[in-house]
Amino acid sequence: MKYDFAAIEKKWQAHWEESKPYAAVTGDPRPKFYGLIEFPYPSGQGLHVGHPRPFTAMDVITRKKRMEGYNVLFPIGFDAFGLPTENYAIKNHIHPAIVTKNNIARFTEQLKMLGYGFDWDRVVDTTDPAYYKWTQWIFLQMFRRGLAYKATMPVNWCTSCKCVLANEEVVEGVCERCGSAVIRKEKSQWMLRITKYAQRLVDDLDGLDYIERVKIQQRNWIGRSTGAEVTFQSTAGDEIVVFTTRPDTLFGATYMVLSPEHALVKKWLPALENAEAVTAYQAEAAGKSDLERTELNKDKTGVELKGVRAVNPVNGKEIPIFISDYVLSTYGTGAIMAVPGHDDRDWEFAKKFGCEIVEVVAGGDVEKEAYTVKDDSGIMVNSGFLNGKTVREAIPAMTAWLEEKGIGRSQVNFKLRDWVFSRQRYWGEPIPMVSCPDCGWVPVPESELPVVLPNVESYEPTDDGESPLSKMADWVNTRCPQCGGPAKRETDTMPQWAGSSWYFLRYMDPHDDAFLVSPEAERYWGPVDWYNGGMEHTTLHLLYSRFWHKFLYDIGVVHTPEPYFKRTSHGMILGEGGEKMSKSRGNVVNPNDIVDQYGADTMRLHIMFIGDFEKAVSWSNEAVKGSKRFLDRCLNLVELAKEGEGYSPKNEAVIHRAIKKVTEDIDALKMNTAIAALMSMVNEFYANGCTKGDVKALILMLSPFAPHLAEEMWELTGFSAASGHMAMQEPWPAFDEAKMVEKEKEIAVQVGGKLRATVVIPLDAPDEAVLEIVYANEKIKKLMEGMSVVKTIVVRNKLVNLILKPAK
RNA sequence: GCCGGUGUGUUGGAAUUGGUAGACGAGGCGGACUCAAAAUCCGUUGGGCUUAUCCCCCGUGUGGGUUCGAGUCCCACCACCGGCACCA
């Protein structure tokens with residue numbers, strides 16, 4: 001039978017467009033299942049083969065869930081604000097809104113071409129004012145509660161994008177997006193206090209079903225560490241507060257180091273003997289980019305502050321104070337107590353600057369290297385009241401002592417920094433704030449939302465680091481919502497991560513004018529049951545959206561503290577040679593070409609069959625044929641199948657086994673082995689012959705992977721007419737363990753652990769009976785000549801192992 | 001440097017979690033059909049030894065170990081990939 005995939009797919013897509021079998025029904029009594037994929041950025045290039053992998057996987061999962069009786073929400077939308085569109089618009093002199101509209105149209109067409117079961121009535125577009133009205137609304141709530149604030153601070157500045165970046169967007173000292181150098185720049189920026197949620201963002205990971213890699217990466221990024229804060233007195237009269245994870249080593253603190261930006265340095269400067277040297281060092285440190293700072297981390301630099309000293313509180317000793325850029329102003333208190341005997345960096349610095357090194361934990365040789373082991377193997381020495389204790393005992397003992405003296409307390413610190421939330425670009429959500437000379441920053445009243453992005457003539461980034469919006473005088477100049485006096489709008493826009501931080505909520509209730517999501521819809525659909533996305537979003541989108549969701553939970557908008565119950569991740573699709581697909585290499589595969597040549601069902605099936613879902617795999621145009629052949633063979637069964645309702649006796653066991661395998665493998669994201677099981681089953685059908693009843697099982701299991709062909713086969717075999725509905729509306733087939741096994745079983749016979757023969761035994765035969773069969777085997781008989789049996793191991797229905805020795 | 005992951009045929013990848021390594025595909029080889037090609041179908045395909053699809057030996061990055069039995073568990077090492085990186 002000719003497999004006319006183009007006609008079949010067109011036919012069924014039109015049918016689905018009409019009958020809407022993928023519509024999610026809020027409030028339906030069936031159990032709900034919310035499957036989510038990361039919504040795409042509608043780029044000008046259209047879909048590439050990287051997209052269908054996660055999309056198809058979740059499509060398969062949700063299609064199976066529907067057949068299992070769930071009310072499924074599987075939505076799609078577009079994360080459409082952002083730089084590539086803006087840059088394209090600038091280059092081609094087309095408004096970004098038009099570019100976005102065209103790109104979304106193209107993406108939509110391609111997604112429909114692949115036959116995904118999205119609920120197309122719930123499409124969300126982050127650039128739609130009806131959508132970003134609520135993005136702005138959430139920002140205002142954060143502002144009201146002190147979570148959004150404007151601060152002047154050194155920020156990451158991309159020299160090419162001419163825009164501020166969040167810490168998460170700086171990779172190895174360069175811009176994540178364009179790879180250009182990132183420098184430090186003092187700028188006044190909107191910030192979101194994500195650090196206030198750091199503890200909860202770590203703690204709540206425990207109750208979630210995320211793949212372990214994601215949890216680990218989030219924990220690393222948040223970087224929680226417990227220790228103590230200790231106050232040192234200085235000879236200048238000021239107190240210096242430090243954070244340390246090793247309060248036990250306080251007796252070994254022989255000097256202190258402040259970050260070059262530390263406030264006390266400025267205060268002390270006039271009184272210092274070497275003020276010029278200190279100023280020079282500060283200037284040098286300020287001029288370094290992130291990249292330089294990390295690249296130069298091998299060689300410690302610094303300057304001693306001459307004329308002021310600190311006092312070690314445990315022994316009253318006066319110790320020198322240095323500034324050095326290995327101490328970061330943004331972590332802890334920006335100052336450390338240096339314990340060169342037990343910290344590698346301090347040790348290196350002490351050697352270079354000739355500081356005293358005191359051993360306070362026995363076990364190493366502090367003249368050769370720092371001894372940093374933090375377990376019970378080290379015993380405290382030279383440490384007064386701590387002497388003789390293990391490190392583990394000494395930490396709480398010292399913390400208690402500090403608390404008693406009122407000069408310290410236990411303290412938790414995080415690596416996570418607040419989120420730099422403003423961008424000096426055009427194509428983003430306007431930040432709904434007004435700056436009034438009298439009232440300061442005033443939020444735009446909620447009734448005036450959305451603050452719509454105005455049409456500008458030029459949306460090019462400006463060299464002075466201001467947003468293109470700042471050039472629009474009539475938009476910028478406004479009235480203060482509070483006092484009515486003249487005021488100016490904020491001209492920076494939000495980062496791309498804003499719209500995607502809550503989009504999954506909008507899907508639940510996408511057309512609501514009154515609120516971002518109605519409580520009924522949120523209570524019914526939330527949280528997302530299964531979210532699949534890329535590893536590259538673990539410390540960006542995933543962290544940010546968890547933060548926003550927790551905030552919305554705190555203000556009563558959502559009813560769960562976490563947005564996503566389960567998170568999985570897919571590997572990348574690489575080019576033929578195992579290299580990353582890129583335009584410059586010319587190895588980009590366009591899904592349209594595959595669909596034209598082999599059909600959408602083959603494309604879908606193959607991208608699931610290609611390999612382990614979590615790992616990167618290289619695309620092979622050759623190998624696609626195998627998937628096409630399989631579908632050809634499936635279709636041919638429609639003609640080959642004999643009449644017959646139930647499963648044929650010959651195929652019954654293999655069908656039940658396949659159902660079990662496919663059912664379990666889809667839930668475990670092992671689509672490749674699920675498909676292999678279907679292929680094996682079809683091979684058996686060809687070898688044994690099959691009935692329509694057998695083919696029915698195939699159609700139902702094929703339906704999530706190749707929905708068009710499955711419906712066509714369902715119709716051709718007459719099941720459609722008989723049931724009055726589509727295959728996808730049929731219940732998922734059930735398996736029966738008892739029917740999975742054959743009456744007879746081939747088992748392995750080993751002698752001394754080596755495979756020597758196989759024998760066929762009746763299923764579940766008792767050990768004695770099995771051994772009888774084994775001993776009757778010609779080959780085994782030969783091997784046993786002149787030997788006696790020392791031991792026999794029988795594993796039921798699997799193998800027999802005979803241990804022999806020469807008979808005397 | 002720290003954290004995590006992965007090493008299996010020519011190739012993408014399987015292996016019921018300690019029980020017949022290489023399922024299922026791709027490619028190759030041989031054959032059928034065809035004027036021919038494509039498509040399709042059948043057979044075969046880890047290496048070595050061999051007249052032999054008999055037997056035997058070797059084989060899951062390397063070297064040891066535990067076990068009747070190890071791709072799977074333990075110890076040491078090597079290579080590659082990903083994340084973090086002066087976080088006190």
Side-chain angles (χ1 to χ4, degrees), chain A residues 2 171-173 212-221 223-225 227 242-246 249 257 259 293-294 296-300 324-328 330-339 342-346 348-349 413-417 535-536 538-539 571-572 578 606 609-612 614-630 632-633 636 657 660-661 664 670 672-683 686 746-758 779 782 790-804:
Chain A
K2 170 115 174 58
V171 177
E172 286 171 11
E212 206 49 36
R213 273 192 302 161
V214 170
K215 287 193 185 183
I216 289 165
Q217 265 182 238
Q218 290 229 344
R219 284 199 194 99
N220 285 349
W221 187 263
R224 187 190 130 104
S225 56
V242 303
F243 172 72
T244 177
T245 55
R246 295 292 302 274
T249 62
V257 188
S259 68
R293 257 180 114 133
T294 46
L296 295 173
N297 72 19
K298 299 283 182 293
D299 199 20
K300 296 276 177 293
S324 171
D325 64 5
Y326 86 87
V327 174
L328 308 172
T330 45
Y331 182 77
T333 61
I336 62 159
M337 62 177 217
V339 185
H342 306 282
D343 181 281
D344 292 323
R345 296 150 302 175
D346 297 346
E348 199 190 314
F349 188 88
N413 252 305
F414 298 93
K415 280 200 251 185
L416 187 71
R417 317 279 163 79
M535 282 306 290
E536 70 274 20
T538 300
T539 51
M572 253 197 297
H606 189 68
F609 182 59
I610 197 167
D612 186 330
E614 289 193 2
K615 286 192 209 143
V617 282
S618 18
W619 179 265
S620 156
N621 274 330
E622 269 301 302
V624 184
K625 284 184 198 161
S627 299
K628 170 67 165 41
R629 270 180 210 147
F630 169 66
D632 280 333
R633 280 161 67 79
N636 278 327
R657 276 204 298 267
K660 179 178 159 72
K661 184 83 181 139
E664 292 173 356
K670 290 162 84 176
N672 52 338
T673 48
I675 293 165
L678 289 177
M679 290 173 167
S680 296
M681 187 177 85
V682 167
N683 290 344
Y686 271 87
E746 190 190 54
I747 66 162
V749 183
Q750 298 181 340
V751 176
K754 288 192 171 167
L755 181 70
R756 286 294 124 113
T758 58
K779 245 180 109 177
K782 220 175 263 176
V790 179
K791 194 178 174 187
T792 61
I793 294 129
V794 181
V795 182
R796 205 174 66 116
N797 294 333
K798 284 228 173 95
L799 62 59
V800 172
N801 191 4
L802 304 175
I803 313 303
L804 304 180

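Below, read A as the first sequence line, B as the second, and so on, with proteins coming before strands; counting in each chain starts at 1. Scope of the values below: all heavy atoms of this structure, side chains included, with no hydrogens, waters or symmetry mates.
Counting any heavy atom pair closer than 4.0 Å across all strands shown, A:Val617 reaches sugar-phosphate atoms only and no base atom. Among the protein residues, A:Ile793 comes within range of the nucleic acid bases, having at least one heavy atom under 4.0 Å from a base atom. Nucleic acid contact for A:Arg796: none, since no nucleic acid atom lies under 4.0 Å from a heavy atom of the residue. Contact annotation for A:Lys670: backbone-only contact, meaning every heavy-atom pair under 4.0 Å involves sugar-phosphate atoms and none involves a base. At a threshold of 4.0 angstrom between heavy atoms, the contacts of A:Asn683 are confined to the sugar-phosphate backbone, with no base atom among them. Backbone-only contact: A:Glu622 has heavy atoms under 4.0 Å from sugar-phosphate atoms and none from a base. Using a 4.0 Å heavy-atom distance criterion, A:Arg756 is classed as a sugar-phosphate-only contact. Heavy atoms of A:Ile803 sit under 4.0 angstrom from primed sugar atoms or phosphate atoms, though from no base atom. Heavy atoms of A:Thr792 sit nowhere under 4.0 angstrom from any nucleic acid atom. Residue contacts shown for A:Asp612 are limited to sugar-phosphate atoms, with no base heavy atom under 4.0 Å away. If you check every strand for non-hydrogen atoms under 4.0 Å, A:Glu746 touches a base. Here A:Ser680 lies in heavy-atom contact (under 4.0 Å) with sugar-phosphate atoms only. A:Ala616 comes within 4.0 angstrom of the backbone, heavy atoms only, and of no base.
Of the P atoms belonging to B:C75 and B:U66, the separation is 15 Å, rounded to the nearest Å. Comparing the P positions of B:G13 and B:U17 gives a spacing of 24 Å, expressed to the nearest Å. Look at the C1' atom in both B:C78 and B:G63: the space between them is 10 Å, to the nearest Å.
Note on ring orientation: taking the six-membered ring where Trp is involved, the planes of A:Tyr331 and A:Phe243 are perpendicular (angle over 60°, cut-offs 30° and 60°).
A:Arg629 has no side-chain polar atom (N or O) that falls below the 4.0 Å cut-off from OP1 or OP2 of B:C41. In terms of phosphate contacts, A:Lys754 brings a side-chain nitrogen or oxygen within less than 4.0 Å of OP1 or OP2 of B:C58. Close to B:A14, at under 4.0 Å from its OP1 or OP2, lies a side-chain N or O of A:Asn672.
Picking from B:A26, B:C24, B:C56 the nucleotide with the shortest atom distance to the side chain of A:Ala623 gives B:A26.
As rounded to whole Å, 13 Å separates atom P of B:A85 from atom OH of A:Tyr331.
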